Amino acid sequence: MIQATLHQLRVFETVARHGSFTRAAEELSITQPTVSAQIKHLTQTIGLPLFEQIGKQLYLTEVGEELLDTCQTIFGQLANFEMMVADLQGAKRGKLRLGVVTTAKYFVPRLLGSFCQQHPDIDVSLQVSNHQKLVQRMLKNQDDFYILSHPPEDIDLVATPFLDNPLVVVANQDHPLANQAQVPLKKLRGEAFIMREPGSGTRRAVQQVFDRHKIIVNVRLEFSSNEAIKQSVMGGLGISVLSLHCLRPDYQQGELTILNVKEFPIPCRWYIVHPSGKQLSVLAEAFLKHLLLESQMISLKQAS
Ligand code: PGA
């Protein structure tokens with residue numbers, strides 16, 4: 001292994017991440033034959049195959065998986081070292097890798113914006129996916145940290161709560177239940193529901209409330225986009241449950257209404273989450289502090 005170069009390991013890590021020689025060559029701005037040659041040298045050095053090709057799909061072998069873990073640790077520590085040096089020189093540099101659930105995209109980019117203004121030399125990767133896909137990224141340790149509202153209980157995590165995320169029942173402003181107080185949950189039984197897709201954290205939280213009260217709702221439409229749900233509710237296709245974060249502008253414009261249903265809002269919170277034992281980079285630590293500070297201001301503004 002001592003003969004493997006850092007460049008070969010970088011090429012290997014990029015191929016493994018993309019599952020493709022072509023995309024790795026594109027990312028690294030080198031030719032595909034160069035990628036193949038570097039992987040060949042590395043494989044010879046290690047003495048065991050790192051990939052296997054089945055049909056068009058490239059899979060990591062067991063030793064390939066181990067090497068990918070090792071590379072991620074090495075490159076993570078090198079990146080952290082660079083950030084630390086930049087920090088000592090009085091500047092923040094490097095790359096911040098964040099994974100957030102679909103609904104968090106309504107506020108995280110704004111908080112990122114104020115952070116990037118303070119640190120103009122940083123790069124950011126923001127991966128947006130639903131709860132289930134985000135947990136898969138977490139298990140593969142693909143990002144610095146994650147923002148979601150139901151941290152999985154079966155993974156050893158550090159989870160820091162930082163903002164409220166109430167889930168409310170939304171309907172078209174002309175809906176017959178609009179303006180009624182304390183609507184019993186069972187009244188929603190006959191309603192056409194527009195739900196997030198299976199795997200969504202919002203959907204799971206909603207389902208838990210209905211399951212607890214043994215109510216089966218009529219799911220008419222499923223969307224993986226909160227925006228598509230809002231448009232469908234405005235179009236009178238049905239009612240839904242969404243985070244208050246994704247409603248504010250339209251709600252204020254009066255196109256949607258929040259129904260006053262018992263058991264709602266569902267009181268969720270946003271959490272900043274990372275696997276316990278993960279060493280956060282200098283940049284990730286700084287952004288985490290920024291999030292906590294900014295969210296205190298948001299909470300104070302909402303309370304006043
Ligand atoms: P979702 O998750 O975007 O997958 O519905 C939302 C959440 O974690 O609150």
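Bear in mind the structure is a predicted one, so any value in this text is a computation, not a measurement. Numbering of ligands and ligand atoms starts at 1, following listing order.
The nearest heavy-atom contact from the protein to atom 1 (P) of ligand 1 is Gly201 N, 3.4 Å. Scanning the protein heavy atoms around atom 6 (C) of ligand 1, the nearest turns out to be Thr202 OG1, 3.6 Å. Looking only at heavy atoms of the protein, atom 9 (O) of ligand 1 is closest to Ser149 OG, 2.3 Å.
Within the 4.0 Å heavy-atom criterion, the part of Arg196 lying near ligand 1 is the side chain and not the backbone.
Remark: ligand 1 atoms within the under-4.0 Å shell around heavy atoms of Asn165 are 9 (O). Numbered from 1 in the order shown, with element, the atoms of ligand 1 that lie under 4.0 Å from a heavy atom of Thr103 read 3 (O), 6 (C). Of all the atoms in ligand 1, the ones that sit under 4.0 Å from a non-hydrogen atom of His131 are 4 (O). Close contacts of ligand 1 with Ser200, meaning ligand atoms under 4.0 Å from a residue heavy atom, involve 1 (P), 4 (O), 5 (O). Ligand-side atoms of ligand 1 in range of Asn130: 4 (O), range being under 4.0 angstrom from any heavy atom.
Listed for the Ser276 side chain is a donor-acceptor partner under 3.5 Å among the backbone atoms of Asp156. The main-chain N or O of Arg196 is never found under 3.5 Å from a side-chain atom of Ser200 such that the two would form a donor-acceptor pair. Side-chain atoms of Lys230 come within 3.5 Å of backbone N or O of Cys246 as a donor-acceptor pair.
Remark: the Tyr106 side chain and the Glu227 side chain contain an N/O donor-acceptor pair separated by less than 3.5 Å.
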